[in-house]
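Just the heavy atoms: all of them, side chains too, but no hydrogens, waters or symmetry mates, feed the values below. These figures come from a predicted structure and were not determined experimentally.
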Amino acid sequence: LYSPADFRGFQELSTEYNFDGIEIKLGNDINLNPGWEAGTTEPDNKWAPIQNFAGTFDGGMNSISGVYLQSDADYLGVFQEVSGTVKNLVLENSYIENTLTSGDTKNGTGSVVGQLSGTLQTVKSSAEVVLNGSGFAGGLAGVVHTAGAKIDNCWFAGSVSGKGSHHGMLLGGTRIPEGGTGTPSATITNCLTTGTIEARANTGGLVGAAWSDTKLTIEKSLYAGEYVAASDVASPWNIGTVLGNAKKNSTTATNVYVGNDTVSKVIGSNESTSNSIASIYILNRETELTGVSGYKKTQLGFYIPEYNEN
């Protein structure tokens, strides 16, 4: 794919094909709205999500920019759903807003993908993600409903805001959908967040919420972002530097690094002693952490995943 027309053609084909077993490559940077700045006026060219993608999308470390997406769909992102792999991609100067004001609280909105059951690998996003209703919002991925989702070597440097109640800088959360079966699971490794996120409810510097009967594993990752106050929320609840809300038997976190001096809890609400939280390192901060034992202070300064923009 070398041009905006190529990328839009790929999206149109996705309404008929899921590209299972096929690799799609990005040949160079693509700007869908040249001259437009995210968060300003509505641009001329609006984006419709790529449908359920089961193949491999290799960005070649090229960028996609100028994505403007505003919809009330259940799952929202550059990709609606990913069961395959999206890798080596930079998403910048983009705006994704879910205008759904009611409905299923298990909906998902993310800058890259709304519902993830596959893999995001070496992806950086500095997009703006806004959720104005129910559901989950994540900087990269909205929600995980099935087993096997992975987010590896990724970086979110954008913003997550809106009126939803499950916000995370990488992932909104894990949850069984209505009428669903099985155990949804997500593994996050070698990731970094440096963006901003509104403090509302069930809000995490890495993940918003891991619900009961799901599995969330976080390893070797760093929250170094910033919480910002939501003007319509006087007292935010379940706010954590790593995870907003850990339900029963859901979470394992090891070798996680925590910056930012404004949030005292690693997990905003931890409902089970069987959740394993260990080897938490705090970077250059004065505030003591609560809700976890055995964390270590370190002056490493900054931990960056193995990410190379070039």
Asker: Examine distances only and state if a side-chain atom of Gln51 and a backbone atom of Pro49 form a donor-acceptor pair shorter than 3.5 Å.
Answerer: yes
Asker: Give a yes or no on whether the backbone of Leu26 and the side-chain of Asn62 come within a donor-acceptor separation of less than 3.5 Å.
Answerer: yes
Asker: Going by heavy atoms in the side chains, are Gln70 and Thr99 under 4.5 Å from each other?
Answerer: yes
Asker: Would you say the side chains of Asn18 and Asn52 form a donor-acceptor pair under 3.5 Å?
Answerer: no
Asker: Check whether Trp36 reaches the backbone of Thr41 with its side chain - one donor and one acceptor, N or O, closer than 3.5 Å.
Answerer: yes
Asker: Do Phe136 and Leu131 touch side chain to side chain, with heavy atoms closer than 4.5 Å?
Answerer: no
Asker: Would you check if Leu206 and Ile188 make a side-chain contact, meaning some heavy-atom pair closer than 4.5 Å?
Answerer: no
Asker: Report yes if some heavy atom in the side chain of Val78 is under 4.5 Å from a heavy atom in the side chain of Phe7; otherwise report no.
Answerer: yes
Asker: Shared ILVMFWY cluster between Tyr2 and Leu32, side chains joined below 4.5 angstrom?
Answerer: no
Asker: If you compare all heavy atoms of Thr214 against all heavy atoms of Ile176, which two are closest, and at what distance to 0.1 Å?
Answerer: CG2-N, 4.2 Å
Asker: Mind listing the closest non-hydrogen atom pair of Cys154 and Leu140 along with its distance?
Answerer: CB-CD1, 3.5 Å
Asker: Scan side-chain atoms only and decide if Asn153 and Asn190 contain a donor-acceptor pair under the 3.5 Å cut-off.
Answerer: no
Asker: Just how far is it from atom CH2 of Trp237 to atom CG of Asn245, taken to the nearest 0.5 Å?
Answerer: 11.0 Å
Asker: What's the shortest heavy-atom distance between Ala246 and Leu243, and which atoms?
Answerer: CB-CD2, 3.6 Å
Asker: Let's go through Phe53 and Gln80 carefully: what are the C-alpha distance in whole Å and the side-chain angles of both, what is the deciding distance for side-chain contact (heavy atoms from CB on, under 4.5 Å) to 0.1 Å, and is it a yes or a no?
Answerer: CA-CA 8 Å; Phe53 181 72; Gln80 186 176 63; over 6 Å; no
Asker: Strictly below 4.0 Å, N to O, side chains only: are Arg200 and Asp232 in salt-bridge contact?
Answerer: yes
Asker: Do Leu1 and Ile22 sit in one hydrophobic cluster, given that two such residues count as connected whenever their side-chain heavy atoms are within less than 4.5 Å of each other, even indirectly?
Answerer: yes
Asker: Is there a donor-acceptor pair closer than 3.5 Å between any side-chain N or O of Ser111 and the backbone N or O of Gly139?
Answerer: yes
Asker: Does Gln115 reach the main-chain N or O of Gly108 with its side chain, forming a donor-acceptor pair under 3.5 Å?
Answerer: no
Asker: Does the side chain of Glu198 come within less than 4.5 Å of Val160's, by heavy atoms?
Answerer: no
Asker: Backbone N or O of Ile50 within a donor-acceptor pair of the Ser14 side chain at under 3.5 Å?
Answerer: no
Asker: In Å and rounded to the nearest 0.5 Å, what is the NZ to OG1 distance from Lys150 to Thr187?
Answerer: 7.0 Å
Asker: Please lay out, stage by stage, how Val130 and Tyr95 fare under the test side-chain contact (heavy atoms from CB on, under 4.5 Å).
Answerer: CA-CA 8 Å; Val130 181; Tyr95 181 87; 3.9 Å; yes
Asker: Quick one: does any side-chain atom of Asp29 pair with a main-chain N or O of Ser63 as donor and acceptor, under 3.5 Å?
Answerer: yes
Asker: If you define the side chain from C-beta out and look only at heavy atoms, does anything of Val242 sit under 4.5 Å from Tyr223?
Answerer: no
Asker: Let me see the working for Asn202 and His166 under side-chain contact (heavy atoms from CB on, under 4.5 Å), right down to the final yes or no.
Answerer: CA-CA 5 Å; Asn202 303 317; His166 305 85; 3.7 Å; yes
Asker: Let me confirm one number: the OG-CZ distance from Ser126 to Phe156, rounded to the nearest 0.5 Å.
Answerer: 8.0 Å
Asker: Apply the ring pair (Phe, Tyr, Trp, His ring centres under 6.0 Å) test between Phe19 and each candidate in Phe57, Phe10, Phe79; give the one that qualifies.
Answerer: Phe10
Asker: Mind checking whether Lys220 and Thr189 have side chains closer than 4.5 Å, heavy atoms only?
Answerer: no
Asker: Which distance, rounded to the nearest 0.5 Å, do you find between the OG1 of Thr122 and the CG of Asp152?
Answerer: 6.5 Å
Asker: Looking at Leu76 and Glu97, what are the two nearest heavy atoms and their distance?
Answerer: CD2-O, 3.3 Å
Asker: Donor-acceptor pair, Asn98 side chain versus Ala73 backbone, under 3.5 Å?
Answerer: yes
Asker: Are the side chain of Tyr227 and the backbone N or O of Thr203 linked by a donor-acceptor pair below 3.5 Å?
Answerer: yes
Asker: With clusters defined by side-chain heavy atoms of hydrophobic residues (ILVMFWY) lying less than 4.5 Å apart, directly or transitively, does Leu69 cluster with Ile30?
Answerer: yes
Asker: Which heavy atom in Ser117 sits nearest to a heavy atom in Thr146, and how many Å separate them?
Answerer: CB-OG1, 2.9 Å
Asker: Just verifying a value: how many Å separate Glu92 CD and Ile64 CD1, rounded to the nearest 0.5 Å?
Answerer: 10.0 Å
Asker: Can you get from Trp211 to Val143 by hopping between Ile, Leu, Val, Met, Phe, Trp and Tyr side chains that sit under 4.5 Å apart?
Answerer: yes
Asker: Would you give the length of the straight line joining atom CD1 of Ile151 to atom CG of Leu120, rounded to the nearest 0.5 angstrom?
Answerer: 5.5 Å
Asker: Taking all atoms of both residues into account, what is the closest heavy-atom pair of Leu116 and Ala149, and its distance?
Answerer: O-CB, 3.6 Å
Asker: Tell me if a side-chain donor or acceptor on Asp44 pairs with a main-chain N or O of Asn33 at a distance below 3.5 Å.
Answerer: no
Asker: Taking atom NZ of Lys46 as the centre, does the number of heavy atoms from other residues, nucleotides or ligands within less than 6.0 Å exceed 12?
Answerer: yes
Asker: Are the side chains of Ser185 and Thr174 in contact, using a 4.5 Å heavy-atom criterion?
Answerer: no
Asker: In terms of hydrophobic clustering (I, L, V, M, F, W, Y; side-chain heavy atoms under 4.5 Å; direct or indirect links), are Leu13 and Val113 co-clustered?
Answerer: yes
